[in-house]
Amino acid sequence: MEQVPLTLHVAPPLRFFLPSRSRNQDTLRIDHDSGSSLVHIVQSLGIPLTEVGRLRANGRDVPPTHRPGPGERIDVEPLALPQQAPTDPPRFLLDVHLGTLARRLRLLGIDTAYDNDRDDPSLVAQANAEQRVLLTRDRGLLCRRNLVSGAHVNSTRPDEQLREVLQRFAPGLRPWTRCPACNSVLVPAPLDEIARSLEPGTLATQQTFARCVTCDRVYWPGAHHSHLARIVHQAEQLLSTR
């Protein structure tokens with residue numbers, strides 16, 4: 001195929017994905033295969049299509065399948081936020097490296113699937129079958145052709161990761177309603193049903209309990225409650241100011 005000169009303007013929020021030598025450039029000039037679509041061009045620069053909003057060629061909106069002609073200026077714009085998920089409320093699936101984020105999303109009552117031993121094909125298959133947004137820091141995973149919905153998590157810090165997801169999707173919160181361990185629903189647990197499974201010290205100091213309907217784990221406001229309550233409060237404040 002003929003090599004065609006192309007001018008790309010990548011919006012600042014997306015330059016994080018570019019090679020380090022290109023992140024400070026307002027405009028990129030590249031030669032590309034004249035038969036290549038914008039999907040191939042954008043992802044070859046390191047930008048997963050899941051992170052891209054509008055694509056424009058010489059000022060007009062074009063689909064990702066557009067094949068640029070010689071001299072076209074391509075504008076690659078970020079997503080408009082909050083992003084619409086496949087379902088309302090959104091459901092998420094997290095890869096093996098985001099276990100802490102998974103527990104925090106569940107703490108907020110957000111439907112979050114997670115398994116610490118999954119390969120890429122099974123993650124994509126589950127995300128598609130259950131209409132979940134696949135959250136990952138793996139750009140290659142997001143660039144898989146058959147993935148329906150995904151999102152890149154930029155930060156390595158759980159606090160910032162949670163902020164990213166909340167700002168991007170603005171999900172409704174229902175704190176303390178999901179099991180942090182398995183994601184199932186929590187229900188109130190009468191003391192007479194669970195007393196035998198509790199230590200005497202817990203029975204003497206606690207009055208409110210919840211039980212997971214699937215794994216039967218029992219929860220109460222323990223030693224870490226103040227830390228968890230702070231996470232919930234900060235999430236509620238973040239979304240209330242949007």
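Numbers for residues simply follow the sequence, beginning at 1.
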For a side-chain hydrogen bond (donor to acceptor under 3.5 Å, both in side chains) check, start with the C-alpha distance between D111 and N183, then their side-chain angles and the critical distance, and finish with the verdict. CA-CA 7 Å; D111 188 344; N183 193 45; 2.8 Å; yes

State, yes or no, whether a side-chain contact exists between E236 and P175 at a heavy-atom distance under 4.5 Å. yes

Side chain to side chain, L93 and L135, heavy atoms closer than 4.5 Å: no

Going by atom types alone, do E72 and H66 pair a side-chain donor with an acceptor below 3.5 Å? yes

Salt bridge flag under 4.0 Å for residues D159 and R230: no

Would you say E51 and R168 make side-chain contact, with heavy atoms under 4.5 Å? yes

Can any side-chain N or O of Q161 pair as donor or acceptor with the backbone N or O of S155 at less than 3.5 Å? yes

Quick one: does any side-chain atom of R15 pair with a main-chain N or O of V10 as donor and acceptor, under 3.5 Å? yes

D216/R211 salt bridge by N-O under 4.0 Å criterion: yes

Counting C-beta onward and ignoring hydrogens, is there a side-chain heavy-atom pair between R118 and D115 closer than 4.5 Å? yes

ring-ring contact (aromatic ring centres under 6.0 Å, His included) between Y114 and F92: does it pass, once the steps are laid out? CA-CA 9 Å; Y114 170 80; F92 298 103; over 10 Å; no

Flag side-chain contact, heavy atom, 4.5 Å: T177 against L186: no

